[in-house]
S.K.: 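Attaching a single structure in structure tokens format; questions to follow.
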2 protein chains.
Amino acid sequence: MGATKTDHFTDKQNAIATLAKAIGHPARVAIIEYLMKVDTCICGDIVNELPLAQPTVSQHLKELKNAGLIKGNIEGNAICYCIDEKAIEKLQNYFGNISTKLTKKKNDCC
Amino acid sequence: MGATKTDHFTDKQNAIATLAKAIGHPARVAIIEYLMKVDTCICGDIVNELPLAQPTVSQHLKELKNAGLIKGNIEGNAICYCIDEKAIEKLQNYFGNISTKLTKKKNDCC
DNA sequence: TTTTTAGATTGCAATATTACGATAAATGTT
DNA sequence: AACATTTATCGTAATATTGCAATCTAAAAA
């Protein structure tokens, strides 16, 4: 088929999957890291930073935005993109939770 | 094209992307969560737990294993799968780092 | 040894993703 | 107004992913 069966899973599971999927591409990881590095948010030069054409970068930004990982504000001619902290916190909490539960459990069977 | 240009990005970026991509599917999130819930690691009944056919689950397990998120041991006839803590820790650290850097920065431009 | 059980692999169809050239839309500059 | 700049969108080609039926392998049980 090729279509993900999102109906069969919980909203939380789908939410985490959506966030993780958005980060699941090196270009989008690079974009996130670039947004971290740059002080000002006017980030039209992501294209210059990445080895990808402008439409491709625009598409990646769109996916990050759809997933809720970044926010974008129109600022005159350019656009100001920046990371949405809430999404990062969700991921941090999720993996933090798993990590602590695992150490409690001492899952050393493998 | 359709092929990800991994060559142009750093190893770290590709590593994070690989891990995130593996979690970027609700079925694989559900598998991870099931592995957490179950005490014993003999987890052949993941198939019964998920609304997916056996070959599909097997494929998802393979991807999780390739990405380094889970480990699998042959245990007689069945197989013992469990989460690889190191991978989870990597993700936790990564997002934790971003989170703390963001709060330091007070990125409130958007 | 035959049969069952657990899991992987193969092959295939449907859909999604990635990437980019060309083009469009919208604002800024001259 | 004419042009430049910035970003988005469209169209399209190449590749990847998802899902499953059918089949295969290997160990366990009978």
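Reminder, nothing fancy here: chain letters follow the sequence lines and each chain counts from 1. The structure displayed is predicted, hence computed values, not measured ones.
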S.K.: Return the set of residues passing side-chain contact (heavy atoms from CB on, under 4.5 Å) with A:A15 (not counting sequence neighbours), or none when no residue passes.
M.R.: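 Checked A:A15 against side-chain contact (heavy atoms from CB on, under 4.5 Å); zero matches.
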S.K.: Provide the full list of salt bridge (Lys or Arg N to Asp or Glu O under 4.0 Å) pairs with a residue in residues 18-27 of chain B, sequence neighbours left out, each pair given once.
M.R.: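 Residue pairs passing salt bridge (Lys or Arg N to Asp or Glu O under 4.0 Å), neighbours aside: none found.
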S.K.: Pick the closest DNA chain D nucleotide for A:A3 and for B:A3 by heavy atoms, then say which residue is nearer the 5' end.
M.R.: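 In this pair, the answer is B:A3.
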S.K.: Round to the nearest Å and state the distance from A:K5 atom NZ to C:dA16 atom P.
M.R.: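 Rounding to the nearest Å, NZ of A:K5 and P of C:dA16 are 14 Å apart.
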S.K.: Which residue pairs pass the salt bridge (Lys or Arg N to Asp or Glu O under 4.0 Å) test when at least one of the two sits in residues 89-103 of chain B, sequence neighbours left out?
M.R.: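 Every pair satisfying salt bridge (Lys or Arg N to Asp or Glu O under 4.0 Å) with a residue in residues 89-103 of chain B: there are none.
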S.K.: How does each nucleotide of nucleotides 23-30 of chain C score, in 5' to 3' order, for protein heavy atoms under 4.0 Å: base (B), sugar-phosphate only (S), or none (-)?
M.R.: ----BS--
S.K.: Between B:Y81 and C:dA6, is there a contact of a side-chain N or O with OP1 or OP2 at under 4.0 Å?
M.R.: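 No, no such contact exists.
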S.K.: Of B:P55 and A:T56, whose closest DNA chain C nucleotide lies nearer the 5' terminus?
M.R.: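 In this pair, the answer is B:P55.
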S.K.: Please state how far atom CZ in B:F9 lies from atom C1' in C:dT18, giving the value in whole angstrom units.
M.R.: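 Rounded to the whole Å, the gap is 11 Å.
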S.K.: Strictly by salt bridge (Lys or Arg N to Asp or Glu O under 4.0 Å), give each pair with a member in residues 25-36 of chain A just once, sequence neighbours left out.
M.R.: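 Sorted pair list: A:R28-A:E63.
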S.K.: B:N73 has an atom CG; how far is it from atom C1' of C:dA8, in whole Å?
M.R.: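 Spelled out: CG on B:N73 to C1' on C:dA8 is 16 Å.
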S.K.: Rounded to the nearest Å, what distance is computed from the CD atom of residue A:Q59 to the C1' atom of nucleotide D:dC10?
M.R.: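 Taking atom C1' of D:dC10 as the reference, CD of A:Q59 is at 11 Å.
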S.K.: Is B:S58 near enough to C:dG7 that one of its side-chain N or O atoms lies under 4.0 angstrom from OP1 or OP2?
M.R.: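 No.
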S.K.: Residues two or more places apart in sequence or in another chain: which of them pass side-chain contact (heavy atoms from CB on, under 4.5 Å) with A:T18?
M.R.: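 Per chain and number, A:T18 pairs via side-chain contact (heavy atoms from CB on, under 4.5 Å) with A:A67.
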S.K.: Of the non-hydrogen atoms in B:D84 and B:G68, which two are nearest, and what is the gap between them?
M.R.: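 What the structure gives for the nearest pair is CB-O, 3.4 Å.
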S.K.: To the nearest 0.5 Å, how far apart are CG in B:D11 and CD1 in B:I16?
M.R.: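 Atom-to-atom, B:D11:CG and B:I16:CD1 are 12.0 Å apart.
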S.K.: In a table with atom names and distances, give each donor-acceptor pair under 3.5 Å that connects a side chain of residues 48-57 of chain A to protein atoms at least two apart or in another chain.
M.R.:
residue, atom, partner, partner atom, Å
A:E49, OE2, A:K37, NZ, 3.4

S.K.: Quick one: side-chain contact (heavy atoms from CB on, under 4.5 Å) partners of A:K65, sequence neighbours excluded?
M.R.: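 Partners of A:K65 under the side-chain contact (heavy atoms from CB on, under 4.5 Å) test: A:I70, A:Y81.
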S.K.: Tell me which residues in residues 19-32 of chain A put a heavy atom below 4.0 Å from DNA chain C, sorted by number, or none.
M.R.: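 Of all residues in residues 19-32 of chain A, the ones placing a heavy atom under 4.0 Å from DNA chain C are A:K21, A:H25, A:R28.
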S.K.: In whole angstrom, give the distance that lies between atom NE2 of B:H60 and atom C1' of D:dT18.
M.R.: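 Going from NE2 in B:H60 over to C1' in D:dT18 covers 6 Å.
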